[in-house]
Every structure is written in C-alpha cells, then in structure tokens.
Amino acid sequence: MAKLRHIAIAVPDIQATARFYETSFGMQRVRESAVAVMLSDGVVSLAIIDSIKNPNAENRAGLHHMGFLVDDLSASADRVEQNGGRYFSQIKGIGEGPQTERKYRDPNGIDFDIVNADHAKKVWRIPA
C-alpha cells in the first residue's frame, strides 16, 4: 500500500513559514535552496516553495490542507497558537470535537488539522 511521504506548499515567505513548522512541530530542515526549504519529521517531507521566485509555483500560493497526528493535542495547540497559528473550526459531525481534532490556519492562511491518535484511527483510519 502507498503511504503519503511528501506535501508541498507554495508561500511568499519560505523562511518565516519554515520557522513556523520547525517551532510548532519540531520538523527538521533537510534541504534548502534560494527558492525552497525542505523539512522532514523523519517520515513525511514538507516542501515549502517560494510562490514568487520559484517558477514551479506558477506564481500562486496554497494547499487545501494537511494533517498532523500529535501526542498531546492541548500542548500542540498551545505551541501552534504561540507561533501565530489561528484556530478556526472543527469538522462538524465527525470525530469527537475539539478534544480530538482541531483545524487551524498558519500565518499564511493555509489550513491544517491537528489530531490525536483516537481521531486518526477512527476518522482517518490509519494506525496511530
């Protein structure tokens, strides 16, 4: 079975965005150029592409959303908010509410979820 190992996002400030994901989730820089920063958690890579300077970004920014499985939802939510993330919702009628899943927007307005293992198993249907 195939497993997701890479997500790419295009943003106007790659350094600020990389710092956000490094400090919020402990991701590590594994590669860098003038137009992109590659981060990894050891399993999945996150490419942060300059939406203005990188021709592959086609001068557009964004991604629908991505999801992070976290060990401690409350502590992770605190770190995200301390680093400029904004809580904006949860999926209505799915999961068990904000104690298992929360949707945020990062400083660029890109949506992401943070979820606990219970939500990942029940809703995403992945081992956690």
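The model shown is predicted, which means the values in this text are computed figures rather than measured ones.
Counting only N and O atoms by type, the side chains of Asp118 and Thr100 include no donor and acceptor under 3.5 Å apart. Side-chain contact, Asp106 with Thr17: no donor N or O sits under 3.5 Å from an acceptor N or O.
Once rounded to the nearest 0.5 Å, the distance linking CD of Gln82 with OG1 of Thr23 reads 9.5 Å. Taking OG from Ser24 and CG from Asn83, the interatomic distance works out to 4.0 Å, rounded to the nearest 0.5 Å. Between the CD1 atom of Ile9 and the CD1 atom of Ile48 there is a distance of 5.0 Å, given to the nearest 0.5 Å. Note that CD1 of Ile114 and CZ of Arg102 are 6.0 Å apart. Values are rounded to the nearest 0.5 Å.
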| query | Yes or no on side-chain contact (heavy atoms from CB on, under 4.5 Å) for Ile110 and Met66, after CA distance, side-chain angles and deciding distance? | reply | CA-CA 9 Å; Ile110 295 171; Met66 60 192 140; 4.2 Å; yes
| request: Give the intermediate values and the outcome of side-chain contact (heavy atoms from CB on, under 4.5 Å) for residues Lys103 and Asp111. | output: CA-CA 7 Å; Lys103 289 196 170 295; Asp111 299 348; over 6 Å; no
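Residues Gln28 and Leu39 fail the side-chain proximity criterion, which asks for heavy atoms closer than 4.5 Å. Side-chain atoms of Asn108 and Pro12, non-hydrogen and from C-beta on, do get closer than 4.5 Å to each other.
Sequence neighbours left out, the pairs with a member in residues 9-33 that pass salt bridge (charged side-chain N to carboxylate O under 4.0 Å, His left out) are Glu22-Arg29, Arg29-Glu32.
Applying the salt bridge (Lys or Arg N to Asp or Glu O under 4.0 Å) criterion to Arg79, with sequence neighbours excluded, gives no partner residue. By the ring pair (Phe, Tyr, Trp, His ring centres under 6.0 Å) test, Tyr104 is found to be paired with Tyr87, Phe112, residues two or more places apart in sequence or in another chain being considered. Not counting sequence neighbours, Asn116 has no partner by the side chain to side chain donor-acceptor pair (under 3.5 Å) test.
Ser51 contributes no side-chain N or O that, together with a main-chain N or O of Ala61, makes up a donor-acceptor pair within less than 3.5 Å.
Nearest heavy atom pair, residue Val43 against residue Asp41, reads N-OD1, 2.7 Å. Nearest approach of Val44 to Met27, heavy atoms of both residues: O-CE, 4.1 Å. Heavy atoms only, all atoms of each residue included: Ala18 and Val37 are closest at CB-CG1, 3.9 Å. Taking both residues in full, the closest heavy atoms of Ala34 and Ile14 are given as O-CD1, 4.0 Å, listed atom of the first, atom of the second, then distance.
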All N/O donor-acceptor pairs, side-chain side in residues 67-74, below 3.5 Å, sequence neighbours left out:
from	atom 1	to	atom 2	distance (Å)
Asp72	OD1	Ser74	N	3.2
Asp72	OD1	Ala75	N	3.0

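The hydrophobic clustering, which links ILVMFWY residues whose side-chain heavy atoms are closer than 4.5 Å, places Phe20 and Ile7 together. Each of Phe25 and Met38 belongs to its own hydrophobic cluster when Ile, Leu, Val, Met, Phe, Trp and Tyr are linked at side-chain heavy-atom distances under 4.5 angstrom.
Through direct or relayed side-chain contacts under 4.5 Å between Ile, Leu, Val, Met, Phe, Trp and Tyr, Phe88 connects to no other residue.
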